[in-house]
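I have placed the structure first, in the form of structure tokens, so that the comments after it can refer back to it.
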Protein chains: 2
Amino acid sequence: MTQTTSRRKRASRGDGEQLRAEIVTAAKGLLAKSANSDAVSIRMVADAVGVTPPSIYLHFADKDALIEAVVSDVFAELDVAMMTAGASVEHPLGRLRAYGLAYVKFAVGHPEHYRVATMERCPTEGEPGHLDQILADAAFVHFMETVQACMNVGIFAKDDPLPITLQLWAAAHGIASLMIAKPFLPWDDVEAMADRVLCAAALGTAVAGMLGGNPSPDQITAWLDGQRDD
Amino acid sequence: MTQTTSRRKRASRGDGEQLRAEIVTAAKGLLAKSANSDAVSIRMVADAVGVTPPSIYLHFADKDALIEAVVSDVFAELDVAMMTAGASVEHPLGRLRAYGLAYVKFAVGHPEHYRVATMERCPTEGEPGHLDQILADAAFVHFMETVQACMNVGIFAKDDPLPITLQLWAAAHGIASLMIAKPFLPWDDVEAMADRVLCAAALGTAVAGMLGGNPSPDQITAWLDGQRDD
DNA sequence: TGTACATCAGTGAACGCGCGTTCACTGATGTAC
DNA sequence: TGTACATCAGTGAACGCGCGTTCACTGATGTAC
């Protein structure tokens, strides 16, 4: 009915692509204020950009394609945040920690973006090459490289870095998504809590590797007792 | 339009409450096949029960109230699964592990229920007493009691069990929700992966407690080196 | 034992709404001759 | 230098749909007298 923003100036010939970027930005902005991607409609996005709904279809096949574009934008932003935080940290374990902290901070700082990117069912899930796409995602690759670096200096047992990467990702995702889904829980200092979870995950992974895999509760108890005896 | 199930027999006087339970069960069943709670409508639920949509409002104030009833049903079921798995395990760390594994198995086995219960924005989030309600939730209480038991036998440093409980919950939630959100990742053996994450979290928490809190990367590296020298 | 009546568990039809998407179109812009 | 024309970036109106919820009602059931 009423338009919230003024109508956008029509792009001149050859500058059609410009609208595409504006649409993604507008959708991202609207998503930041919504519970999920269902709550952001093509009509709202069009209105925010100052254009009519059919214009969206000049640049995206359908709504799923638009959401997907937003998600890949979010992942790119996440990678930048992680790289910025860890670039200058020499120690691979310190870098891993910096990455993890940046990851959680990004998630908590952009909860709705993080939610859409990692907690909603992915519309292109079944497509071929989808797995490769995730595993080739910049943030994931950088994270795994650092896991490999930790293996090289002997912090983690030398092995395929993929499972360990998934394991540590699960830890970071766990604290991030729980803080987002249940913000009313007594998290106290968000960053300190995230750090504890990440440190415990890395330390536990290192020690489990040292103990030769997945120790049983009795083994763990015995080992802990041995430690305290020293 | 067409009804998928036959019309339900009308309850006799005083048995009105019976429909309430049938509605929750039907909603749960429909939710199991949907991406999220938006995808399950009052009309679908009514149709599945064999009743007209307005009948739902005889038992629930609105759709949110119905979803909330389903969620609390799911949490109760989760608690039963955890208790069944851990009841006979004497060692508190073993019990914690059994609880954690049961938690992840439940989540992976009922992905949509788990998703609605823990990954969707909660409609009653802002209400007073909501926090107390979560913290008094059966599964949470049982989990925290076991963390306390681990502290009592010296596995974790003696302290307030709440932060450690949240920390371990985050680990379990992390691997569970990542497996659900990204089922196409190379998880290989789901249960073994979950076990590794849970063991690492518990072990890391225990060791961090032993090292007196949150160790720095350098401290961790030095400590690991010391371990290997023995 | 009979009957008027209150109660209860529902029904049927409709409300106004916003959605994704399609279709035929318009009108400015640049280009070929 | 002028003009016909293809192209491009959109527009306007409509499609059919399913949604949550409300309202006035119905008709079986049990109860009071």
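This is a predicted model, so every value here is computed, not measured. Here is the naming used below: chain letters follow the sequence lines, and residue numbers restart at 1 for every chain.
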Quickly work out the A/E22 CD to D/dA9 C1' distance and round it to whole Å. 13 Å

For nucleotides 10-23 of chain D, just jot down a letter per nucleotide in 5' to 3' order: B, S or -, based on protein non-hydrogen atoms under 4.0 Å. BBBBB----BBBBB

Taking every non-hydrogen atom, the tightest pair across B/M193 and A/P163: CE-O, 3.6 Å

Who passes side-chain contact (heavy atoms from CB on, under 4.5 Å) against A/A11, sequence neighbours left out? A/R8, A/D15

For residues 52-75 of chain B, which residue pairs pass the salt bridge (charged side-chain N to carboxylate O under 4.0 Å, His left out) check, not counting sequence neighbours? B/K28-B/D73

Picking from A/L166, A/T165, A/D137, what satisfies side chain to side chain contact (heavy atoms under 4.5 Å, CB included) with A/F143? A/T165

Using the ring of each side chain (for Trp, its six-membered ring), is A/H173 parallel, tilted or perpendicular to A/Y114, with breaks at 30° and 60°? tilted

Is a side-chain N or O of B/R121 found less than 3.5 angstrom from the main chain of A/A35, in a donor-acceptor match? no

Tell me the salt bridge (charged side-chain N to carboxylate O under 4.0 Å, His left out) pairs involving residues 99-108 of chain B, sequence neighbours left out? B/K105-B/E191

Does any pair with a residue in residues 32-41 of chain B pass side-chain hydrogen bond (donor to acceptor under 3.5 Å, both in side chains), and if so which ones, sequence neighbours excluded? B/S37-B/E120

Stem ranges for DNA chain C, with three or more consecutive Watson-Crick or G-U pairs under 3.5 Å? C:2-33 with D:2-33

